Novice: 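The structure is given below, and queries will be raised subsequently.
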Amino acid sequence: MREVRVERYDAAEVEPRWQARWDELGTYRTDLTDTSRPTFYLLTMYPYPSGDLHIGHWSIKTPTDAIGRYRRMHGDNVFFPIGFDAFGLPAENAAIKAGVHPREWTLANIERMRRQLRSMGATFNWEAEVVTATPEYYRWNQWFFLKFLEAGLAYRAMAPVDWCPKDQTVLAREQVVGPDRVCERCGTQVVKRDLEQWFFRTTRYADEFLRYEGLQWPEPIRLMQTNWIGRSEGSEVVFRTAPDDHQPGGDELRVFTTRPDTLFGATFMVLAPEHPLVERLTAPDRRGDVERYRHEARRKSEIDRLSTEREKTGVPLGADAINPVNGEAIPIWIADYVLLSYGTGAIMAVPAHDERDFAFATQFGLPIRQVVAPVGHGGDDEADAAYIAHTPDEELVNSGDYTGLSAPEGARRITADLEREGRGKSAVTYRLRDWLISRQRAWGTPIPVVYCPTDGIVPLGEGDLPVVLPDDFEFKPTGGNALESHAAFVNATCPRCGGPARRETDTMDTFVDSSWYWWRYLSPHKDDGPVDRELEERWCPVDQYTGGAEHAVLHLLYSRFFSKALADLGLIHEREPFKRLFNQGQILGEDGERMSKSRGNVQDPDDLVSRYGADTVRLFLMFMKPWEQDAPWSSTGITGLSRFLNRVWTVTLDPHGQESGGREEDASRGGGDGGPSGSQALRALAHRTLKRVTDDYEGFHFNTMVARLIELTNALMRYRGTALAGSPDWEETIRLLLLMLAPAAPHITEELWSRRLTVAGEPWRSIHQEAWPAVDEALAAEETMELPVQVNGKLRDRVPMAVGLPRAEVEEIVRAREKVQAALGGQEPLRTVYVDGRLINFVVR
RNA sequence: GCGGAAGUGGUGGAACGGCAGACACGCAAGCCUUAGGAGCUUGUGCCCGCGAGGGCGUGAGGGUUCGAGUCCCUCCUUCCGCACCA
């Protein structure tokens, strides 16, 4: 037994040393102009500089780093940049609270987070870093805005918008969440306001958003986007108002319907309370009720609309509309279940075939007329529920000339006939709204327009950019936009007439910043344009993007909008930003809730890193769960990964040593005898492991990847101190182990690799510049196996035998077994199922 | 209500339709010891049994199959998205 002990692995010493060395050598710098190797653009969602990196950042970024290192070992030129999403409200709140300029607060946090990010030992391309709150970056937001204006992709409009009373700003539709309609950032319930605001015309690409060809995106994300866009095909039908004592009639009332086949069943019409024609159509004796209802509806959208099951409400206007297919006059109502923002803000109500209309009709005693029925069922006007079932053989009833047609055919014919008369047409509507980008906040990209008393709204010229945020904000404790009271900022000159003008004080949604940052990484300091077109063509789209699923209809949809808009402007060549997307699961707080400072359940990785080292933390995060799965945080189990790395250290540096322990004879240990056959078996295991680990890296199955490496290390551990230790096969196994582990645990593998090179008298070379090893398939193939034997599907025996024996021979061997005979009980099998090399099953019954 | 994901030991989690529970934590017993937040060995799904062994087991219930955690049907539970979208 050897007395000499190798020193233990000291992460605190090894990790910073290598991090410094890699920096110094520029090991991970990427030459974007290198055309000799395939490019691999690896992107992970850039962090908001809140001040502290938490364990969730590690759990997305370190496995992503492992992917990059793995690709690098395959010879790819990997670009893996990082930056900071540096505009946003927390900085303003800090400014109000602590009286510091939001820039100072943000830059200090960034500095702190850079240090924390570096402790991961990741291959970030720091030379490409972008910080969105710098004029160097946000001037291009302004530039895009001007280009979008020219292209009709940006516009200003009055609209009922969502206002967050706490954050004191409007929000995009995507940023209002849940049944309670709360602010995505702060959870406060939003209220409706009529305001004139800036929009990006996302709806221009609604149909294109629905096409995902060539995108390897998770199905749930695509579904969420598809549902969000909410494309709906149907017809627009023009009703006209009937004349009466109070108005001349003849106004067009357009409705959108997905069921033009039910047009004969329309027994009333409903307008949204805010519909512009309400005023004009209301009969004098109805005015009081109508005004009251409209007021009530307005108020309702401001208080919680928790109960979606609430009773239908509405009032009649005292006017009629004429159904274009049969000339029938039907009463016009207003009701808050019809939304102004969807379709045309008006519906034809067909209570027989729509649940909501049915409920409304029942509530107010309006007629119900069935116009679609299964063949031979006629019609029923006393239905107790709306008939909305779609049977293949349903036909139109009570529908004039169309009676007897199948429902789809009826829909086609009715629409076609209306179209001929100019009273309707096929139509498509979307749930998707244009993106409201104005924010009444100071810490964001100033919108580059001025309001001139003579010229109105005037966009600045490109030469006037950037519009820079002032250095001397004064934030009031009451909140509000500090830019508004900043005279030097507000007082501007009209670029058109040269006279005094008021500068726009709204800034852009920070999602504008994050909609194009990966293009900027390619040339972060380029000052004659936002994107280097040549590099964009070489590197884009992004090969692999990683981040949370919470951005399904926010960042990920906005980014697709930018791709299409910029491609249409000729700035880039690709219409999709991210070829392959992966959503890692979230690490929740120990309480199972989303980690947040306000809940006080944020986990700080720094403690763990100083106790166990970055490699252990990286491995633990990969090992604890499948990457895509959410899980509450618990550090239980991290010691297992720490022990694992210690064993890797031990088998590499001290193969001949032996722990004193309850060991038996060497020869009987761990199934290995230390002789030539054991030696072969070890190498075979190494190659089988390599095969599986390779597959696991490819599929991002990091948890099983780590498990396989632990297994291999445990096998090495069993052979340690035997004659096999230190043999060429042993050494080869160690070499493979370190290479396989290198992407996941970069520091310890670099240290061990370098020590081995020293011992071998070879010049130093980073393990992270080695090639991924090739599997020796012949070696990896199993030679012997244990064949499971079933009788009637129940496991009865396991029989060791050579691989590849003919079936007859296998059966003979197996049936000779005592246990098998006992289980067969002397019966001759009716049938024998043999799955080559997997299993044999005798059916006796 | 609609759409999606998921239910496996004490715990985190493994399992091309073919040995359920890999790997790890925890726990137990033992070894070693410079007595540590260290290392090593063995065991550990549940029940019966001293043991050999047997029975039962993947949310519930049906089905397909020689064989089902895995496929199909009907439920239950949890989480996520949408919120009267005509």
Side-chain angles (χ1 to χ4, degrees), chain A residues 5 8 177-181 218-221 223-224 226-228 230 232 234 255-259 270 305-306 308-310 312 335-339 341-350 354-357 359-360 429-431 549-550 552-553 586 588 592 611-612 620 623-626 628-632 634-644 646-647 650 658-664 669-670 701 703-711 714 717-718 720 786-798 819 829-835 838-845:
Chain A
R5 290 292 218 111
R8 299 184 47 74
V177 297
D180 305 349
R181 301 187 44 77
E219 190 58 32
I221 297 286
L223 255 167
M224 275 191 251
T226 299
N227 293 340
W228 187 259
S232 179
V255 303
F256 174 75
T257 177
T258 54
R259 296 289 308 274
V270 188
R305 299 172 49 183
L306 271 174
T308 55
E309 289 297 308
R310 68 180 220 268
K312 292 274 183 291
D336 64 2
Y337 81 96
V338 173
L339 311 173
S341 56
Y342 183 79
T344 59
I347 61 159
M348 62 176 205
V350 185
D354 182 281
E355 287 182 63
R356 297 153 300 183
D357 298 345
F360 194 84
T429 56
Y430 302 88
R431 226 185 57 119
E550 66 272 18
V553 294
Q586 269 191 73
L588 307 169
R611 188 183 302 176
Y612 297 101
F620 176 59
F623 182 72
M624 69 183 279
K625 63 180 184 71
E628 65 275 14
Q629 190 172 299
D630 291 347
S634 160
S635 62
T636 304
I638 194 170
T639 52
L641 284 306
S642 177
R643 286 173 194 162
F644 162 55
N646 283 330
R647 292 198 295 273
T650 303
Q658 249 187 52
E659 305 318 312
S660 34
R663 277 227 173 120
E664 300 298 312
R669 246 192 278 153
H701 304 304
N703 57 333
T704 48
M705 177 275 288
V706 174
R708 299 287 84 87
L709 293 181
I710 294 173
E711 237 166 9
N714 291 349
M717 212 56 197
R718 283 193 292 274
R720 195 164 81 102
E786 272 200 342
L787 187 75
V789 184
Q790 296 181 341
V791 174
N792 288 338
K794 290 205 175 203
L795 182 73
R796 294 300 175 188
D797 199 5
R798 293 166 201 196
K819 281 186 187 172
L830 302 169
R831 186 175 162 193
T832 305
V833 180
Y834 179 61
V835 184
R838 300 286 301 179
L839 161 144
I840 189 162
N841 186 16
F842 297 106
V843 186
V844 288
R845 206 69 64 204

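Residue numbers start from 1 in every chain, and the chains themselves are labelled A, B, ... in the order their sequence lines are given, proteins ahead of strands. Being a predicted model, the structure only gives us computed values, none of them experimental.
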Novice: Please state the C1' separation for the pair B:rA22 and B:rU8 - nearest whole angstrom.
Specialist: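 Straight-line distance between the two C1' atoms is 13 Å.
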Novice: A:Gln790 side chain: which of B:rA86, B:rG18, B:rC82 is closest?
Specialist: B:rG18
Novice: A:Phe360 has an atom CZ; how far is it from atom P of B:rC84, in whole Å?
Specialist: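 My rounded result for the distance is 16 Å.
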Novice: Which listed nucleotide (B:rA24, B:rC82, B:rC25) is nearest to the side chain of A:Thr639?
Specialist: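 Selected nucleotide: B:rC25.
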Novice: In whole angstrom, give me the gap between the C1' atoms of B:rG62 and B:rA52.
Specialist: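 One C1' to the other, the span is 38 Å.
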Novice: Can you tell me how far OG of A:Ser642 sits from CZ of A:Arg611, rounded to the nearest 0.5 angstrom?
Specialist: 10.5 Å
Novice: If pairing requires Watson-Crick or G-U wobble contacts with both distances under 3.5 Å, which nucleotide is the partner of B:rU58?
Specialist: none
Novice: What does A:Arg647 touch in the nucleic acid at a heavy-atom separation under 4.0 angstrom: a base, only the sugar-phosphate, or nothing?
Specialist: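 A:Arg647: backbone/sugar contact only, no base atoms under 4.0 Å.
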Novice: Which base, if any, makes a Watson-Crick or G-U wobble pair with B:rG37, both distances under 3.5 Å?
Specialist: none
Novice: On a whole-Å scale, what distance lies between the P atoms belonging to B:rG81 and B:rC73?
Specialist: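 One P to the other, the span is 27 Å.
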Novice: Choosing from B:rC84, B:rA86, B:rC66, which nucleotide comes nearest the side chain of A:Asp336?
Specialist: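 Among B:rC84, B:rA86, B:rC66, the one nearest the side chain of A:Asp336 is B:rC84.
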Novice: Do A:Phe620 and A:Val706 make a side-chain contact, defined as non-hydrogen atoms from C-beta onward lying under 4.5 Å apart?
Specialist: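 They are not in contact (no side-chain heavy atoms under 4.5 Å apart), so the answer is no.
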Novice: Rounded to the nearest Å, what distance is computed from the CG atom of residue A:Leu830 to the P atom of nucleotide B:rG67?
Specialist: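 Whole-Å distance recorded here is 12 Å.
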Novice: Examine B:rG36: is either OP1 or OP2 under 4.0 Å from a nitrogen or oxygen in the side chain of A:Arg643? Give yes or no.
Specialist: no
Novice: Are any of A:Asn703's side-chain N or O atoms less than 4.0 Å away from OP1 or OP2 of B:rA14?
Specialist: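 Checking A:Asn703 against B:rA14: at least one side-chain N or O falls below 4.0 Å of OP1 or OP2.
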Novice: Determine whether more than 12 heavy atoms belonging to other residues, nucleotides or ligands lie under 6.0 Å from atom CD of A:Glu355.
Specialist: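 At most 12 heavy atoms, drawn from other residues, nucleotides or ligands, come within 6.0 Å of this atom.
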Novice: Select from A:Pro220 and A:Lys625 the residue whose nearest nucleotide in RNA chain B is closer to the 5' end of that strand.
Specialist: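 The residue closer to the strand's 5' end, by nearest nucleotide, is A:Pro220.
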Novice: What is the base-pairing partner of B:rC79, counting Watson-Crick and G-U wobble geometry with both distances under 3.5 Å?
Specialist: B:rG4
Novice: Looking only at side-chain atoms of A:Arg838, point me to the closest of B:rG18, B:rC82, B:rG13.
Specialist: B:rG18
Novice: Ignoring hydrogens and angles, does a donor from either the side chain of A:Arg798 or the base of B:rC19 sit under 3.5 Å from an acceptor on the other?
Specialist: yes
Novice: In whole angstrom, give the distance that lies between atom CD1 of A:Ile840 and atom P of B:rC19.
Specialist: 15 Å
Novice: Looking at B:rA68, which nucleotide sits across from it as a Watson-Crick or G-U wobble partner, both distances under 3.5 angstrom, or is there none?
Specialist: none
Novice: When you compare B:rA20 with B:rG13, how far apart are their C1' atoms, in angstrom units rounded to a whole number?
Specialist: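 Taking atom C1' in both B:rA20 and B:rG13, they lie 13 Å apart.
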Novice: Which whole-number value in Å describes the distance from A:Leu839 CG to B:rC16 C1'?
Specialist: 14 Å
Novice: For B:rC19 versus B:rC71, give the span between their P atoms, rounded off to a whole number of Å.
Specialist: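 My reading of the P atoms in B:rC19 and B:rC71 gives 16 Å.
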Novice: Which one, B:rA24, B:rG18, B:rA22, comes nearest to the side chain of A:Asn841?
Specialist: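 From the listed options, B:rG18 comes nearest.
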Novice: Would you indicate what A:Gln629 reaches in the nucleic acid, counting non-hydrogen atoms under 4.0 angstrom: base, sugar-phosphate, or nothing?
Specialist: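 The answer is sugar-phosphate, as A:Gln629 gets under 4.0 Å only of primed atoms, P, OP1 or OP2.
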Novice: On a whole-Å scale, what distance lies between the P atoms belonging to B:rG59 and B:rC40?
Specialist: 35 Å
Novice: Would you kindly give the CZ-to-C1' distance between A:Arg796 and B:rC66, to the nearest whole Å?
Specialist: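 So the CZ-C1' distance, A:Arg796 to B:rC66, works out to 15 Å.
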Novice: Counting only Watson-Crick or G-U wobble pairs whose two distances fall under 3.5 Å, which nucleotide matches B:rG26?
Specialist: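 Across any shown strand, B:rG26 pairs with B:rU44.
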Novice: What's the closest nucleotide to the side chain of A:Ser232 if the choices are B:rC66, B:rC23, B:rA86?
Specialist: B:rA86
Novice: Once rounded to the nearest 0.5 Å, what's the spacing between atom CD1 of A:Ile221 and atom OG1 of A:Thr226?
Specialist: 11.0 Å
Novice: Can you tell me which nucleotide in B:rC84, B:rG12, B:rC19 comes closest to the side chain of A:Pro788?
Specialist: B:rC19
Novice: In whole angstrom, give the distance that lies between atom CZ of A:Phe623 and atom P of B:rG12.
Specialist: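 Interatomic distance, CZ of A:Phe623 to P of B:rG12: 13 Å.
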Novice: To the nearest 0.5 Å, tell me how far A:Leu787 CG sits from A:Leu839 CG.
Specialist: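 Result: 6.5 Å between the selected atoms.
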Novice: Categorize A:Asn714 for me: base, sugar-phosphate, or nothing, with a 4.0 angstrom heavy-atom threshold over every strand shown.
Specialist: sugar-phosphate
Novice: Looking at the side chain of A:Lys312, which of B:rC84, B:rA86, B:rC66 is the nearest nucleotide?
Specialist: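 Between B:rC84, B:rA86, B:rC66, the one nearest the side chain of A:Lys312 would be B:rC84.
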Novice: Between A:Ile347 and A:Phe842, who's closer to the 5' end of RNA chain B by nearest nucleotide?
Specialist: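 This one resolves to A:Phe842.
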Novice: Just so I know, are the side chains of A:Asp630 and A:Lys625 near enough to count as touching, which here means a heavy-atom distance under 4.5 Å?
Specialist: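 SC-SC contact between A:Asp630 and A:Lys625 ruled out.
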Novice: The side chain of A:Arg831 is closest to which nucleotide in this list: B:rA86, B:rA24, B:rC66?
Specialist: B:rC66
Novice: Using atom P in both nucleotides, what's the gap between B:rG37 and B:rC27 to the nearest angstrom?
Specialist: 14 Å
Novice: Determine whether a donor-acceptor pair (N or O, by modelled atom type, separation under 3.5 Å) exists between the side chain of A:Asn792 and the backbone of A:Val844.
Specialist: yes
Novice: Rounding to a whole Å, what distance do you find between A:Glu219:CD and B:rA5:P?
Specialist: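 Value for this atom pair: 8 Å.
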Novice: Would you call the rings of A:Tyr342 and A:Phe256 parallel, tilted or perpendicular, taking 30° and 60° as the class edges?
Specialist: perpendicular
Novice: For B:rU70 and B:rC82, measure between their C1' atoms and round to the nearest Å.
Specialist: 31 Å
Novice: Across all strands, who's sitting opposite B:rG9 as a Watson-Crick or G-U wobble pair, both distances under 3.5 Å?
Specialist: none
Novice: Quick one: are A:Ile347 and A:Asp357 in side-chain contact, heavy atoms under 4.5 Å?
Specialist: yes
Novice: Would you indicate what A:Val338 reaches in the nucleic acid, counting non-hydrogen atoms under 4.0 angstrom: base, sugar-phosphate, or nothing?
Specialist: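 Here A:Val338 touches the bases of the nucleic acid.
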Novice: Please determine if a side-chain N or O atom of A:Lys794 lies less than 4.0 Å away from the OP1 or OP2 oxygen of B:rC56.
Specialist: yes
Novice: Roughly, in whole Å, what's the span from CZ in A:Phe620 to C1' in B:rU11?
Specialist: 11 Å
Novice: Out of B:rC23, B:rA86, B:rG18, which has the shortest distance to the side chain of A:Glu711?
Specialist: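 From the listed options, B:rC23 comes nearest.
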Novice: Decide, for B:rG69, between syn and anti: a glycosidic angle within 90° of 0 counts as syn, anything else as anti.
Specialist: anti
